Amino acid sequence: MDRRLRSDKYLVTEQPGMRVLIIGLILSFFIGYIVKSVLSPSRVSAQIEKAAGHIHKDIKVRFDDAQVSLSDGILPRFSVVIKNAEMESDQACWMSPILQIDELRLPISIWGLVTGHSLIKAVEADNVTLTLRGNIKDCERKQEEAKEEKPAPAPLVTLSQNQQAEKYQNAVNELSIRDFKIVLNEYPQYPSELLDFVVKVKSFEPKVIEVTAKTHLLKDESVGDYLSHANLFIEYKESPEQQVQSHFFGNWREGHYSMIANYTIADHLLNIETDLKHIPLSQVLSLLQKYNLVSKDLNGKQVWISANARMTADAQKLREAPLEVKNFLVEGDLGEMYSEQITFTSLDPLKYRPIGIDVKKMRVNQLLNFLNRNQSHKILGDLGSFSGRAEIKSENSIHLAGEHTGLEFIFSNKGQRELQVIDRMLGDIDLQGDFWTFQVNRVEPRNGTFLGNVKMKADRDFKTVDLKAHIDEITFAPAIQKLMTNGGEVGLASVNADAKVENGNLSYLKGLLRIDNMNIEGMEFGKTRGEFDYSKNEILMNTKVQNLKVGLQSPGAVVMRQITQPEWWVDQALDIQDMNGQFHFKDLKHLQWRNFQGKMGKDHKFSVDGAWDELGQLKGSVQVRDGKTVKRYSLDGNREQPVLTLENENSHRVRK
C-alpha cells in the first residue's frame, strides 16, 4: 500500500516536468520548421538577389549560392553565407572593376532580432580579388565628354531630424577581409596584397570611416616576408571638412619608410610627406622595372638611399605638381652622393631646378656595374674613384668638377705585368646636348711626372671621340720602365697628338713624340723623335734617332755582330748615328718597318725592311754597305730568335 502510494506520488509530481519537456519539443520543432521555411536557401538567395539589385545601377552582382549558417566552428552563430560572389562594373572612372569573393559572411545580430533593429552590422570575407581592367585615361576622356553635356539639376530634398536618426539604423558599420588582392589588368603578374583588411564606420553623423591593413607589398620573393612589413591606416571624416588622411609605413629589408598623405576633398588639395631611411636601391629599381619606369639594365646591389620628400598640389593636376626632396643620400659600394635639396617643378613632363650633388669616393668600377656596362679593358685595371661636385641643369646639361684617384694602367711584357697608378687627376666633365667634354688639367702618376693637359670630346655612346693631348713632360714609374725595357729606363718624354674615332674605329691621328734618352736591353738611344700619322687603316710613324749605342752584351748585339766587322765595335759597343725609318702599325700584333737605315762610322751603312705577324714570325731583308762592298741578308725566325742568312756579296762600286 505504501509502495503504491509512493509511486502515484511520483507520477503526480513528475507530470508537470514532462509536460514542459513535451511542450518544449513541440515548440522547438515548430520554431525550427518556421526558421527553416523562412531562412531556406531559396528564400535567402531571393532576398540577396533583391538586395543586390539596389546596390547601384552600374554594378552587376552574381553568386553561386546563399544560405544561413547556425555555427562558426564549434561556437553557435547565425550568419548568411554567400558562395563565389562577383560584382562587376564598366564605369571608366572606377577603372572598370571586377570584385571576386570566394565566401562572404553576413553575421546576424540576435539583439537585432529582439529589438527589431539592423540584423547585419558587419560583413566578413576570406579571399577577395579586385581586378581593375581600365585605365585612368579612360576616365579623363569620360570627364571631358561629361563637360559637354548639361548636368541634371540636383533634387531639393532634406531630411528631418528624426529621419536623420533613422537613416543609418540598418547600415553596416564594419567590413573585414582576411586576404585582399588588387590586380591591375595592365600588370596582372604584380598584384598588391592586403592582409587583415578592415573598414570600420566610427560615426555616421558626422561620418568617420577608418581603414586598417597589413601588407607585404614590397617584399623580396627571394628572402620571404619577414624582411618586409608594412601597415596601412586611412581615415575619412566629414567634419570640420571632408578629408582623407592616410599613413603607410613599414620596413623594407634593412630600411624603413613612411608616407603620410592628407587630402581635402572640397578643394582637391593633396599633401604628401615621405621619409626613406636606408632603403636598398636594388629593391626600388626592381619595383620600378616591373612597371617599365626605369631601364632594366640598372643594377643597384649593395647601394642604399635615404631622403625626405614633400608635395602639396591640386590632385586634379598632380602631374604638373612640384615635388621637393631634401637630404637625398646614396651610399654603399658605389660611393656616396648627397644633395641637400632637389626641387622638381613638374613631374610630367619632368622638370627641375638646377641640382647640386656632392660626390664622395664614387667607385667607377661599381658605377659601370650599376649601369651594367662592360668595364674590362686590356690596358686598364681598377678605374679608381671620383670625388667632387656635380651640377645638373637638365638631362642634356651636366657639369662635374673634382679629382679622380686610383686609376690603374696595365703594362705587360713577356708574360709579366706592372701597374702604373695615377694617384690624383684633376679635371672637369661637361655634357652639353649629345656630347661629353673631358678636360684633364693635372695628373700625378705614382713615382712619375706629368705636365700638360688632355682634352676629349665624345658623343653619349663614345662611338665618336675627338682627343687632343699636349703633354710637355711625362715619365713612368721605375718599375714600368724596367718592365718595358728589360731592366732599362726611359727618360723624359713629350707628346702632342690629335686623334679621332668614328663608329668605334680610328679615323684620324696626327702627332709628335719626343724622348730625351732610352736604355732598352743594353741599347742606349739618344734623342728620339717620332712623327705619327694615320693612313689606309695603318698608323705610320716616321722615326729619327740621333744616335744608338749597342752594347756587346745586349740582345741587339747578337744580330748586329752578324752583319758588322769586329773593328767596328769600340769599347765593346757599336755606335750608330742618324738612324731613321718608318714603322707601320695595324695593331700591336702586327708591325712593319720600311727603309730603316743608319750609319756606323764614316763608310759603314745599313738598311732594313721587314715585319712580324701576330705569331711573332719575322720576314725581311738587311743590306750592309762597307765602302764599295754591299752584302744582302734575308731575315727569318721570330722576335726572340732572329735568323740572318747571307744572300750575296757585291764588290762593285755602289752608286751614291
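As the structure is a computational prediction, the values presented were derived from the model and not from experiment. We use all heavy atoms of the structure for the numbers below, so side chains are in, but hydrogens, waters and symmetry mates are not.
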Review point. Does Gln420 reach the main-chain N or O of Ala477 with its side chain, forming a donor-acceptor pair under 3.5 Å?
Key: yes
Exercise for review: Using the side chain to side chain contact (heavy atoms under 4.5 Å, CB included) rule, pick out the option among Thr564, Leu552, Leu548 that qualifies with Leu574.
Suggested key: Thr564
**Study point:** Residue pairs passing the ring pair (Phe, Tyr, Trp, His ring centres under 6.0 Å) test where at least one lies in residues 395-414, sequence neighbours excluded
**Key:** Phe411-Phe476
Review point. Can you list the residues that meet the side-chain hydrogen bond (donor to acceptor under 3.5 Å, both in side chains) rule with Ser554, with sequence neighbours excluded?
Key: none
Check your understanding: Within the distance-only criterion (no hydrogens, no angle test), does the side chain of Gln562 pair as donor or acceptor with the backbone N or O of Val558 below 3.5 angstrom?
Key -> yes
Review point. Any side-chain heavy atom of Glu403 sitting closer than 4.5 Å to one from Thr405?
Key: yes
Practice item. Tell me yes or no: between the side chains of Gln582 and His584, is some donor less than 3.5 Å from an acceptor? Key: yes
Exercise for review: May I ask you to check whether over 12 heavy atoms, not counting those of Glu395, lie within 6.0 Å of atom CD?
Suggested key: no
Check your understanding: Would you say Lys631 and Leu646 make side-chain contact, with heavy atoms under 4.5 Å?
Key -> yes
Practice item. Would you sort out whether Ile410 and Leu419 count as a side chain to side chain contact (heavy atoms under 4.5 Å, CB included), showing the intermediate values? Key: CA-CA 5 Å; Ile410 300 173; Leu419 296 176; 3.6 Å; yes
Review point. Taking the six-membered ring for Trp, are Tyr352 and Phe344 parallel (under 30°), tilted (30 to 60°) or perpendicular (over 60°)?
Key: perpendicular
Check your understanding: If you measure from the Lys or Arg side-chain nitrogens to the Asp or Glu carboxylate oxygens, is any gap between Asp498 and Lys510 under 4.0 Å?
Key -> no
Practice item. Would you name the heavy atoms of Ile342 and Ile355 that are closest together and state the gap between them? Key: CG2-CD1, 3.5 Å
Exercise for review: For Thr528 and Gly526, indicate whether the former's side chain and the latter's backbone hold a donor-acceptor pair under 3.5 Å.
Suggested key: yes
Review point. Are Arg632 and Glu647 close enough, and set up right, to give a salt bridge (charged side-chain N to carboxylate O under 4.0 Å, His left out), and what steps lead you there?
Key: CA-CA 5 Å; Arg632 301 180 187 277; Glu647 292 183 346; over 6 Å; no
Check your understanding: With no hydrogens and no angle check, is any side-chain donor or acceptor of Asp516 less than 3.5 Å from a backbone partner on Gly491?
Key -> no
Exercise for review: Ignoring hydrogens and angles, tell me if any N or O in the side chain of Glu408 forms a donor-acceptor pair with the backbone of Asp382 under 3.5 Å.
Suggested key: yes
Review point. Is there a donor-acceptor contact under 3.5 Å from the side chain of Ser607 to the main chain of Asn595?
Key: no
Review point. Can you list the residues that meet the side-chain hydrogen bond (donor to acceptor under 3.5 Å, both in side chains) rule with Tyr338, with sequence neighbours excluded?
Key: Asn327
Practice item. Would you mind listing every side chain to side chain donor-acceptor pair (under 3.5 Å) that reaches into residues 488-497, with sequence neighbours excluded? Key: His470-Asn496
Practice item. In sequence, state the C-alpha distance, the side-chain angles, and the governing distance for Glu444 and Arg424, and then conclude on salt bridge (charged side-chain N to carboxylate O under 4.0 Å, His left out). Key: CA-CA 5 Å; Glu444 298 177 5; Arg424 190 165 176 248; 3.3 Å; yes
Review point. Do other residues, nucleotides or ligands put more than 12 heavy atoms under 6.0 Å from Arg389 CZ?
Key: yes
Exercise for review: Sequence neighbours left out, what pairs pass ring pair (Phe, Tyr, Trp, His ring centres under 6.0 Å) with at least one residue falling in residues 615-645?
Suggested key: none
**Study point:** Main-chain N/O of Ala573 paired to Asp571 side chain as donor or acceptor, under 3.5 Å
**Key:** no
Practice item. Mind checking side-chain contact (heavy atoms from CB on, under 4.5 Å) for Arg353 and listing every partner two or more places apart, or none if nothing turns up? Key: Thr343, Thr345
Check your understanding: Of all residues at least two apart in sequence or in a different chain, which pass the side-chain contact (heavy atoms from CB on, under 4.5 Å) check with Ser412?
Key -> Arg417
Exercise for review: Apply ring pair (Phe, Tyr, Trp, His ring centres under 6.0 Å) to Phe583 and list each qualifying residue two or more places apart in sequence or on a separate chain.
Suggested key: Phe596
Check your understanding: Side-chain contact, heavy-atom cut-off 4.5 Å: Leu492 with Thr449?
Key -> yes
Exercise for review: Mind listing the closest non-hydrogen atom pair of Gly530 and Met541 along with its distance?
Suggested key: CA-CG, 4.1 Å
Point to revise | Non-neighbouring partners of Val559 that pass side-chain contact (heavy atoms from CB on, under 4.5 Å), sequence neighbours left out | key: Pro642, Leu644
Review point. Is the backbone N or O of His278 less than 3.5 Å from a side-chain atom of Ser306, with the two atoms forming a donor-acceptor pair by type?
Key: yes
Review point. Would you find a donor on one side and an acceptor on the other, under 3.5 Å apart, between the side chain of Thr475 and the backbone of Gly448?
Key: no
Practice item. Identify, with sequence neighbours excluded, every residue that meets side-chain hydrogen bond (donor to acceptor under 3.5 Å, both in side chains) alongside Ser394. Key: none
Review point. With sequence neighbours excluded, what pairs up with Leu451 under the side-chain contact (heavy atoms from CB on, under 4.5 Å) test?
Key: Glu473
**Study point:** Pairs touching residues 511-569 that satisfy ring pair (Phe, Tyr, Trp, His ring centres under 6.0 Å), sequence neighbours left out
**Key:** Trp568-His604
Check your understanding: Passes salt bridge (charged side-chain N to carboxylate O under 4.0 Å, His left out), Glu391 versus Lys393? Steps please.
Key -> CA-CA 6 Å; Glu391 299 287 343; Lys393 294 182 180 179; over 6 Å; no
Exercise for review: Look at the side chain of Ser507 and the backbone N and O of Lys500, then say whether any donor-acceptor pair between them is shorter than 3.5 Å.
Suggested key: yes
